[in-house]
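Presented below is the structure to which this report refers.
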Amino acid sequence: MLDPQITNDKPQGAAASLLNGLTVLEAFSVAKRSLLGVTEISELVGLHKSTVSRMLTGLDEAGYVQRDEDTGRYRLGLGMIGLAGPLLAELGVRRAALPHLEELTEATGETAAIAVWNGTNAIVVEQTASPHQVKHSAAIGTRYNKFASSSVRVFLAELPPEETDRLLAGRTVLREDYSGLEDPAHEQLAAVRDHGYAVNDGETTYEEYGVSAPVRDYRGEVVGCITASAPRSRVQYQKSQSMLREAVLQAAERVSTRLGSLPGETNPVH
């Protein structure tokens, strides 16, 4: 008689526990809050509260989460740094970008970040925060999956149209008014390719302004995305849109050069 675990499509036993634990950890990046309670996580990931509580206890013992004694809620633990450290160390684009992110923040006074694409999300792998008290920032590991995000559009602009349609139709990338191939989404992505940058002028949240440009490697492939983010009110008051755009384009070009890209190099048209 066959082992039922072999014939069942759903993970069983240790495999199921591992996946549940990873799902609980992912809740912290989805929520974008540092402290989460058992009930909040349960609602975010669709697991029973008893399962979430059991997972958190084990993750706490392993150092991947830490329980806040005052509130009883949990935050990510230092063990996550050790787990992700080897991967981040291998991201050549991250190492190449860091000094130029620092220069970008110094030149603009705003938060600078670099993200990579995992096939469905733009993921922040490094950032330098604005020195202003009021600022926009994203912790390392933050994921973006909204079409309106400037970084997401930079990556989508490099994909074949049918792949973009698949992501939008399946709501892997979120866009409320998406309606298919004739949608202006493709026109927007064509403009990103033509101009070499994308702008988020209050489209994801009313308070945020962001501008992103692609980073290319020696093959001309987009391997990252430089973004400058700022409070929209400050950008409007200072009329700094063009300054931010030019600064981001220059930073992206410098990082691309460090990765072996030739000036003005682009991918073949899809």
Under a 4.5 Å cut-off applied to non-hydrogen side-chain atoms, are [X] and [Y] in contact?
X: Glu26; Y: Arg143; answer: yes
X: Pro231; Y: His136; answer: yes
X: Arg232; Y: Val235; answer: no
X: Leu56; Y: Ile41; answer: yes
X: Cys225; Y: Glu158; answer: no
X: Tyr209; Y: Leu244; answer: yes
X: His186; Y: Asp165; answer: yes
X: Ile114; Y: Val125; answer: yes

Q: Output all residues satisfying salt bridge (charged side-chain N to carboxylate O under 4.0 Å, His left out) with Arg234, sequence neighbours left out; order by chain, then residue number.
A: Glu110

Minimum-distance pair of heavy atoms, taken over all atoms of [X] and [Y]:
X: Pro131; Y: Thr105; answer: CD-CG2, 4.1 Å
X: Leu59; Y: Gly21; answer: CD1-O, 3.9 Å
X: Pro214; Y: Gly196; answer: CD-O, 3.3 Å
X: Arg258; Y: Pro99; answer: NH1-CG, 3.1 Å

Let me confirm one number: the [atom1]-[atom2] distance from [X] to [Y], rounded to the nearest 0.5 Å.
X: Met55; Y: Asp60; atom1: CE; atom2: CG; answer: 13.0 Å
X: Thr142; Y: Gln127; atom1: OG1; atom2: CD; answer: 8.0 Å
X: Leu174; Y: Thr204; atom1: CG; atom2: OG1; answer: 12.0 Å
X: Leu189; Y: Arg193; atom1: CG; atom2: CZ; answer: 6.5 Å
X: Leu104; Y: Ser130; atom1: CG; atom2: OG; answer: 11.0 Å
X: Glu162; Y: Leu159; atom1: CD; atom2: CG; answer: 9.5 Å

Q. Should the pair Arg175-Glu203 be classified as a salt bridge under the 4.0 Å nitrogen-to-oxygen rule?
A. no

Using the rule that two of Ile, Leu, Val, Met, Phe, Trp, Tyr join whenever any of their side-chain heavy atoms come within less than 4.5 Å, decide whether [X] and [Y] are in one cluster.
X: Leu101; Y: Val211; result: yes
X: Val116; Y: Leu259; result: yes
X: Tyr144; Y: Leu167; result: yes
X: Leu44; Y: Leu35; result: no
X: Leu76; Y: Tyr64; result: yes

Q: Could you walk me through whether Arg73 and Glu40 pass side chain to side chain contact (heavy atoms under 4.5 Å, CB included), step by step?
A: CA-CA 10 Å; Arg73 295 182 176 183; Glu40 292 173 281; 3.6 Å; yes

Would you find a donor on one side and an acceptor on the other, under 3.5 Å apart, between the side chain of [X] and the backbone of [Y]?
X: Asn121; Y: Ile123; result: no
X: Thr23; Y: Leu19; result: yes
X: Thr257; Y: Glu253; result: yes
X: Ser256; Y: Val215; result: no

Q. For Glu106, does the CD atom sit with more than 12 other heavy atoms under 6.0 Å from it, leaving out its own atoms?
A. no

Q) Has Lys135 got more than 12 heavy atoms of other residues, nucleotides or ligands less than 6.0 Å from its NZ? A) yes

Taking only distance into account, with no hydrogens and no angle test, what donor-acceptor pairs under 3.5 Å do side-chain atoms of residues 147-157 form with protein atoms, sequence neighbours excluded?
unit_1, atom_1, unit_2, atom_2, d
Ser149, OG, Ser151, OG, 3.1
Ser150, OG, Ser212, OG, 2.6
Arg153, NE, Phe147, O, 3.0
Arg153, NH1, Val199, O, 3.2
Arg153, NH2, Ala148, O, 2.7
Arg153, NH2, Val199, O, 2.7

Q: Please test Met80 against Leu25 for side chain to side chain contact (heavy atoms under 4.5 Å, CB included), starting from the C-alpha separation and ending with a verdict.
A: CA-CA 10 Å; Met80 292 298 298; Leu25 289 174; 4.1 Å; yes

Q: Start with the C-alpha distance between Val65 and Phe28, add both sets of side-chain angles, then the distance that settles side chain to side chain contact (heavy atoms under 4.5 Å, CB included), and finish with yes or no.
A: CA-CA 10 Å; Val65 299; Phe28 290 89; 4.2 Å; yes

Q.
Can you tell me which residue among Thr51, Val52, Leu36 is in a side-chain contact (heavy atoms from CB on, under 4.5 Å) with Ser42?
A. Val52

